[in-house]
Amino acid sequence: MNLKRIAVLIVLAGMLMMLTSCSLYTPLSQPSGSALQLKMDKQDYTILGVGSGTACSSFFFGFPSGEQTYQQAVNQAVQSRNGDLLIQTSADLEQNYFPLPFFYFWSQSCVTVQGLVIKLNA
């Protein structure tokens, strides 16, 4: 092989690497993983069903373009069932990088919250 052919192969391999991306998934908590506990009688609330919410933020060359907060995801989950509170929750974090986690142009971080949505009885 001559040097020109090797250089072309290296450039092609680098271009193929640039077309790949990476995703990382991390559970943030176990179901009902909160240390805070509120004791309520079952007649004080009504379970509306399972609610889910997601909040994401993106980064271009390391600069944020949007704000993701855990509380935004919780609020979205509660509003999905028109409830008041979210109980028995779990949360997950998903991070996507393009092209690679240690050398990226674009990345996105999303937190997803699930749990039982309840409505407080007046």
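Small disclaimer: the values here were computed from a predicted structure and weren't measured.
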Report task. Can you run down the salt bridge (Lys or Arg N to Asp or Glu O under 4.0 Å) pairs that involve residues 52-61, sequence neighbours left out, and say none if there aren't any? Result -> none
Query - Under the ring-ring contact (aromatic ring centres under 6.0 Å, His included) test, residues paired with Phe61 that sit two or more places apart - result: Phe105
Report task. Run the numbers on Phe59 and Ser65 for side chain to side chain contact (heavy atoms under 4.5 Å, CB included), then give the verdict. Result -> CA-CA 6 Å; Phe59 298 86; Ser65 65; over 6 Å; no
Can you give me every donor-acceptor pair (side chain of residues 106-122, partner residue at least two apart or in another chain, under 3.5 Å) with its distance?
from, atom 1, to, atom 2, distance (Å)
Ser109, OG, Gln68, OE1, 3.1
Thr112, OG1, Thr54, OG1, 3.2
Asn121, OD1, Thr46, OG1, 3.1
Asn121, ND2, Gln43, O, 2.8

Query - Residues in side chain to side chain donor-acceptor pair (under 3.5 Å) contact with Gln71, at least two apart in sequence or another chain - result: Asn75
Query raised in the report: Under the 3.5 angstrom rule, does the side chain of Asn2 hit a backbone N or O of Arg5 as a donor-acceptor pair?
Result: yes
Report task. Give every residue pair that meets the salt bridge (Lys or Arg N to Asp or Glu O under 4.0 Å) criterion with at least one member in residues 69-83, sequence neighbours excluded. Result -> none
Query raised in the report: Any idea which heavy atoms bring Ser80 and Gly51 closest together, and the distance?
Result: OG-CA, 3.5 Å
Query raised in the report: Could you walk me through whether Tyr70 and Gln72 pass the side chain to side chain contact (heavy atoms under 4.5 Å, CB included) check?
Result: CA-CA 5 Å; Tyr70 180 84; Gln72 287 173 336; over 6 Å; no
Report task. Nearest 0.5 Å please: distance from the SG atom of Cys56 over to the CD atom of Glu94. Result -> 8.0 Å
Query - salt bridge (Lys or Arg N to Asp or Glu O under 4.0 Å) partners of residues 45-54, not counting sequence neighbours, each pair once - result: none
Query raised in the report: Roughly how far apart are Ile87 CD1 and Tyr45 OH, rounded to 0.5 Å?
Result: 5.0 Å
Query raised in the report: In this structure, which one of Ile10, Ile6, Leu12 forms a side-chain contact (heavy atoms from CB on, under 4.5 Å) with Val8?
Result: Leu12
